[in-house]
Amino acid sequence: MKKGLDFLFLIALSPILWLAIALCALHMQPHKACLLALLISVVVGIGLYDMTTVHAIQSILEGMALACWPILLVIIAAIFTYNLSEHTKGMEDIKRMLTSVSNDRRVLILLIGWGFGGFMEGMAGFGTAIAIPASMLVGIGVNPILAASVCLVANSVPTAYGSIGIPLVTLGNVTGTDATTLATYTCLQLAPLTILCPFIMTLVAGGSLKALNGMVATCLGAALGFLIPELAVAVTMGPELAVVAGSIGAMGAIIACAKMFPVNDPAYAMPAHEETGEKLTVSKAITAWLPFILIFVFLLATSKLIPAIHDPLNLIKTSVLIYDGEGGAPYTFTWVATPGVLIFLAAFIGGSKQGAGFGEMLGVLKDTVVGLRFTILTIISVIATAKVMGYAGMTHEIAEAAVAATGHAYPCIAAFIGSIGTFITGSATSSCVLFGKLQTEAAQAIGATPAAQAWIAAANATGACAGKMISIQSIAIAVAAIKTAGADGKLLAFAAKVYVPFIIVMGLIVYLGQTLVG
């Protein structure tokens, strides 16, 4: 049913507009707002986009399946790992080690949020880069809202390379563009923001420009320590381990700068932790870190076993029939063991070594799931909404309207289009699937050279990084990690303030850069 471009564009946006109003203006509970957004998308899809009721139900079921496996599996596993470390007191030893690097809140936020968070994004993705670092920051005494805010910012630029490079490899498959070229272009587009992120996190940590006093060298070290290894790996090896290399470089640089340029401003000193009097031996330190060490080892060891679709440990498979979204026959949707399985395995092994019994660990797992019940409902609703919008044609309608409105200035909004995909779905990979082909088609339509077409395609992944900050899924994960109910609207409002300048800068970089690469 055609009602005119403007009308359809606004109708297609209605679930997104509703979420913005419900969370920011009405301060509605996220799971209720997202359930209503799902209802709106179904009504619009059936009423205006000729989607049948059967297809709508199948889309919802696919969204539920995707939400449960792998996304919720990873989120539950990540937060369970942290909760179990708290239960066994292993986290207390980790806190002692971290504060031995520095007792300054700003340094620890960079080390955990930027360095370790980037590592978790590169190795596991699916929310771990927010859930685990935010939990750890709260555990060492950082204000919960602050912890979630800095982790949302930190999780922006690594997102394109998440889960061993899945988004960029997927984008390469969708567009027919070399993944290494995309990884290089994405890194170059994100370079200014990669440099800025540690400074922004420090400003947020301190609440004013004064927070940069004594921190410029550390922020610059964190930025360059991340960017240089990331770019080197992206250019020579492709997207898979670029962020892993960058995050390890960043952590090394932060620790080195903290030792060479120590900061002792009492305004940013962390609260003192109770000393047990027990000496922290190497063995005890390794035991405390064991769950996280095992996560690293398992994910790194299995990264070479990942097949073309980049599903880790292709061991557990069950098939269900799902509507293909194009009006044709159903296709087989494969459930595959994901990083969540490996994180659970690491948690149980680590917890056992820390002295927890199996029944005790199951009790912690039960409490974790109960505590996440509203987050689980929120994420299922959001992803089901994204599937309905995608299969009904609403998401494509939004993108096509943007292309039609901009013409030859399209590169200015290429990153914005990518961010819409991540905002709706919570996934950079899904954004690349939704809009990757549209990016290259738009680039061809304005007469871009093949190199410029690849540059514009990379902008989809670049924009997805910005969209990750304001994704409802990311916000829900952050709230669950910090255990602060009702903080969704506050975090979304904060993230939006960072997102807007980010996406404007990205637009300028993409527009100007196309002429240089072309």
Side-chain angles (χ1 to χ4, degrees), residues 72-101 103 108 111-113 115-117 119-120 123-124 126-142 144 147-148 151 251 270-301 339-373 375-376 477-478 480-484:
L72 283 171
L73 179 72
V74 175
I75 294 166
I76 293 170
I79 295 178
F80 166 66
T81 302
Y82 174 81
N83 288 346
L84 186 58
S85 293
E86 281 273 301
H87 179 78
T88 62
K89 307 301 181 184
M91 189 53 62
E92 289 301 315
D93 293 331
I94 290 175
K95 293 172 192 176
R96 289 168 63 188
M97 284 180 276
L98 288 173
T99 51
S100 71
V101 173
N103 195 42
L108 294 176
L111 180 62
I112 298 171
F116 186 65
F119 169 77
M120 291 307 303
M123 295 305 301
F126 297 108
T128 55
I130 296 173
I132 291 179
S135 298
M136 291 174 71
L137 287 172
V138 172
I140 64 173
V142 175
C151 287
M251 285 189 280
M270 295 297 297
H273 293 288
E274 184 179 347
E275 292 294 337
T276 61
E278 185 180 355
K279 185 179 179 181
L280 188 59
T281 64
V282 173
S283 174
K284 190 172 178 61
I286 291 174
T287 301
W289 278 102
L290 188 59
F292 304 100
I293 293 171
L294 290 175
I295 289 172
F296 170 72
V297 172
F298 290 165
L299 291 170
L300 187 61
V341 173
L342 303 177
I343 295 171
F344 267 122
L345 183 61
F348 277 106
I349 294 173
S352 176
K353 291 295 184 181
Q354 291 171 356
F358 186 69
E360 198 176 347
M361 290 187 281
L362 288 180
V364 175
L365 177 58
K366 176 186 174 183
D367 292 342
T368 299
V369 173
V370 170
L372 289 172
R373 61 191 183 280
T375 300
I376 291 169
I477 293 168
I482 63 174
K483 301 175 183 176
T484 305

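Just so it is clear, the values below take in all heavy atoms, side chains as well, and ignore hydrogens, waters and symmetry mates.
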Throw together a table of side-chain donor-acceptor distances under 3.5 angstrom for residues 362-370, partners on residues two or more places apart or in other chains.
unit_1, atom_1, unit_2, atom_2, d
Thr368, OG1, Asn83, ND2, 3.0
Thr368, OG1, Val364, O, 2.8

Counting only pairs under 3.5 Å, give me each side-chain donor-acceptor contact of residues 340-352, with atom names and distances, residues two or more places apart or in other chains.
none

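Using a 4.5 Å heavy-atom threshold, the side chains of Ser85 and Met136 count as separate.
Between Ala480 and Leu372, the shortest heavy-atom distance links the atoms CB-CD2, 3.2 Å. The nearest pair of heavy atoms linking Gly90 to Ala288 is O-CB, 3.5 Å. Residues Gly117 and Ala129 approach most closely at O-CB, 3.2 Å, considering heavy atoms.
Legend: residues meeting side-chain hydrogen bond (donor to acceptor under 3.5 Å, both in side chains) with Ser135, ordered by chain and number and at least two apart, are absent. For Glu86, the salt bridge (charged side-chain N to carboxylate O under 4.0 Å, His left out) criterion is met by Lys95, not counting sequence neighbours.
Across Val138, Leu111, Ile112, a single residue satisfies side chain to side chain contact (heavy atoms under 4.5 Å, CB included) together with Pro133, and that is Ile112.
Rounded to the nearest 0.5 Å, atoms CD (Gln354) and CG (Leu84) are 6.5 Å apart.
Judged as a salt bridge (charged side-chain N to carboxylate O under 4.0 Å, His left out), not a single pair has a partner in residues 347-359 (not counting sequence neighbours). Sorted by first and then second residue, the side-chain hydrogen bond (donor to acceptor under 3.5 Å, both in side chains) pairs with a member in residues 286-297 form an empty list; sequence neighbours excluded.
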Check the pair Ile140 / Leu108 against side chain to side chain contact (heavy atoms under 4.5 Å, CB included), numbers first and verdict last. CA-CA 9 Å; Ile140 64 173; Leu108 294 176; 3.9 Å; yes
